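Being a predicted model, the structure only gives us computed values, none of them experimental. Here is the naming used below: chain letters follow the sequence lines, and residue numbers restart at 1 for every chain.
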Number of protein chains: 2
Amino acid sequence: MKKIMDEFKDLELKLTPQRLAILGLILDKPGRHPSAEEIFSKVKEDYPSISLATIYNTLDVLTKKGRLVEITIDSKKKHYESNLDPHHHIVCTCCGKIGDVWDEELIKKLPVSDVGDFEVQGWHINFSGICKDCREKQGNN
Amino acid sequence: MKKIMDEFKDLELKLTPQRLAILGLILDKPGRHPSAEEIFSKVKEDYPSISLATIYNTLDVLTKKGRLVEITIDSKKKHYESNLDPHHHIVCTCCGKIGDVWDEELIKKLPVSDVGDFEVQGWHINFSGICKDCREKQGNN
DNA sequence: CTCTCAAGTAAGAATGATTCTAACGTAAGT
DNA sequence: ACTTACGTTAGAATCATTCTTACTTGAGAG
């Protein structure tokens with residue numbers, strides 16, 4: 001309870017109940033990659049008056065401050081996560097669930113011979129596959 | 001001129017002037033990664049009566065038939081390309097321009113130690129960086 | 001050659017995610 | 001208590017995309 005309040009101090013962001021609820025929710029669900037709408041409906045349970053705009057504002061400011069990461073793996077909407085350790089993601093082609101992919105090799109280095117006229121700053125790998133749940137459901141057909 | 005018409009025959013798709021114009025445009029610009037809106041305004045020049053819905057329909061059917069690839073690297077909109085050879089992409093963090101990344105190693109194999117409960121089907125690497133144009137503009141400040 | 005039908009197209013409405021706007025609330029410092 | 005900057009809210013606005021409906025067209029049947 002103390003720790004998360006310090007996070008805002010460290011980030012030089014004003015601490016508000018809304019922000020506390022939003023970041024707290026995301027920190028509470030490691031391994032999840034919620035969208036703004038998902039965060040909105042969860043936070044709304046404990047904080048019925050919160051506005052979607054506040055969700056977007058908060059996600060935006062926390063992302064710009066580097067406390068959250070935006071994940072671009074779903075062409076329909078953005079997803080967010082709080083785990084800052086560099087890693088990659090996999091999306092289920094069946095249900096859309098997103099999972100983390102941890103691999104030392106793919107994080108430390110990535111040999112590239114040709115990036116044309118670009119100067120590389122970083123990279124992120126989007127894997128696709130089928131999750132366990134969907135594999136099991138397929139078996140039941 | 002003959003070749004592109006055969007493409008539709010091979011894909012078992014009815015050939016229409018609109019489809020011809022759309023695929024023709026994309027094939028004409030190798031290395032580009034246009035969005036639906038960009039394709040719309042270009043095709044509109046030669047085909048003023050075309051509808052955005054036709055653009056989306058055509059992109060959709062060509063993607064499903066495997067003749068086009070959808071690129072998810074820009075969280076704001078989808079981009080398309082006609083080059084089916086497996087490769088990756090890089091986006092300029094400054095202007096948003098998308099470039100191709102060709103690299104044998106990153107295409108053939110990709111060692112992964114942990115993908116949790118997922119069965120991997122494929123992967124795509126989103127690089128980020130700064131393009132030549134933007135680097136030059138920065139220098140002029 | 002004309003009819004019929006399936007598929008494609010056009011225009012605009014509908015949707016969904018995200019951003020913007022304007023008014024109100026709040027906490028810190030003078 | 002007063003000012004001020006920042007946050008929040010509700011709703012409007014925007015943008016990409018999808019959906020709906022009616023019109024068009026072309027290939028095959030007769």
Side-chain angles (χ1 to χ4, degrees), chain A residues 4-5 7-9 11-25 33-65 67-80 91 96 98, chain B residues 4-5 7-9 11-25 33-65 67-80 91 96 98:
Chain A
I4 186 169
M5 295 173 78
E7 296 243 25
F8 285 95
K9 190 179 294 174
L11 297 171
E12 298 178 302
L13 287 176
K14 202 173 277 185
L15 188 153
T16 69
Q18 292 90 337
R19 287 179 172 178
L20 205 58
I22 294 167
L23 182 55
L25 176 80
H33 310 83
S35 64
E37 191 64 45
E38 283 163 358
I39 294 164
F40 179 55
S41 42
K42 284 289 180 189
V43 173
K44 216 175 165 61
E45 290 173 11
D46 295 325
Y47 212 105
S49 73
I50 201 165
S51 159
L52 236 194
T54 299
I55 305 291
Y56 279 104
N57 285 342
T58 301
L59 291 175
D60 198 49
V61 72
L62 286 174
T63 299
K64 282 186 178 138
K65 286 283 188 176
R67 188 57 196 82
L68 292 179
V69 176
E70 244 180 54
I71 305 167
T72 303
I73 195 172
D74 172 355
S75 64
K76 305 238 174 175
K77 51 181 173 291
K78 292 179 189 168
H79 293 256
Y80 295 84
V91 61
I98 298 173
Chain B
I4 186 169
M5 295 173 79
E7 296 242 27
F8 284 95
K9 191 178 292 174
L11 296 170
E12 297 176 303
L13 286 176
K14 200 173 282 185
L15 188 153
T16 69
Q18 292 90 337
R19 287 178 172 177
L20 206 58
I22 294 167
L23 183 55
L25 176 80
H33 310 82
S35 65
E37 191 63 47
E38 284 163 358
I39 294 165
F40 179 54
S41 40
K42 283 288 180 191
V43 172
K44 216 175 166 62
E45 291 173 9
D46 295 324
Y47 212 104
S49 74
I50 201 164
S51 159
L52 236 194
T54 299
I55 305 291
Y56 278 105
N57 285 340
T58 300
L59 291 174
D60 197 49
V61 72
L62 287 173
T63 299
K64 281 186 178 138
K65 286 283 187 176
R67 188 58 195 83
L68 291 180
V69 176
E70 245 179 55
I71 304 168
T72 303
I73 195 174
D74 172 355
S75 64
K76 305 240 173 173
K77 51 183 173 287
K78 292 178 188 167
H79 293 257
Y80 295 84
V91 62
I98 298 173

Scan the side chains in residues 34-41 of chain B for donor-acceptor partners under 3.5 Å anywhere in the protein, sequence neighbours excluded, and list what turns up.
{"unit_1": "B:S35", "atom_1": "OG", "unit_2": "B:E38", "atom_2": "N", "d": "3.4"}
{"unit_1": "B:E38", "atom_1": "OE1", "unit_2": "B:S35", "atom_2": "N", "d": "2.9"}
{"unit_1": "B:S41", "atom_1": "OG", "unit_2": "B:E37", "atom_2": "O", "d": "3.1"}
{"unit_1": "B:S41", "atom_1": "OG", "unit_2": "B:E38", "atom_2": "O", "d": "3.2"}

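Distance, A:E12 CD to D:dG7 P: 12 Å, rounded to whole Å. Atom CD1 of A:I55 and atom C1' of D:dG7 are 13 Å apart (whole Å). Remark: P of D:dA27 and NZ of B:K9 are 12 Å apart, rounded to the nearest angstrom. Straight-line distance from the CG atom of B:D74 to the P atom of D:dC15: 15 Å, rounded to whole Å. Atom-to-atom, CG of B:L13 to C1' of D:dA27 comes out at 16 Å; the value is rounded to the nearest Å. At whole-Å resolution of the value, CG in B:L59 and P in D:dC19 are 15 Å apart. Taking atom CG of residue A:L15 and atom P of nucleotide D:dG7, one finds them 11 Å apart after rounding to whole Å. Remark: C1' of C:dA7 and CZ of B:F8 are 14 Å apart, rounded to the nearest angstrom.
Here B:S49 does not reach the OP1 or OP2 of C:dT9: none of its side-chain N or O atoms lies under 4.0 Å away. Applying the 4.0 Å criterion to OP1 and OP2 of D:dT8, one finds that A:S51 has every side-chain N and O outside that range.
A:T16 comes within 4.0 angstrom of the backbone, heavy atoms only, and of no base.
Atom OG of B:S49 sits about 6.5 Å away from atom CD of B:Q18, to the nearest 0.5 Å. We find the CD1-NZ distance between B:I55 and B:K44 to be 9.0 Å, quoted to the nearest 0.5 Å.
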What string of B, S and - do you get for nucleotides 16-30 of chain C, 5' to 3', if B is base contact, S is sugar-phosphate-only contact and - is no contact with any protein heavy atom under 4.0 Å? -SBBB----------

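Not counting sequence neighbours, the partners of A:D60 by the side chain to side chain donor-acceptor pair (under 3.5 Å) test are A:K64.
Atom NZ of A:K76 has 12 or fewer heavy atoms from other residues, nucleotides or ligands within 6.0 Å.
Within the 4.5 Å cutoff, no side-chain heavy atoms of A:L15 are placed close to those of A:K9.
Using a distance-only test at 3.5 Å, with no hydrogens or angles considered, a donor-acceptor pair links the side chain of A:H79 to the main chain of A:H33.
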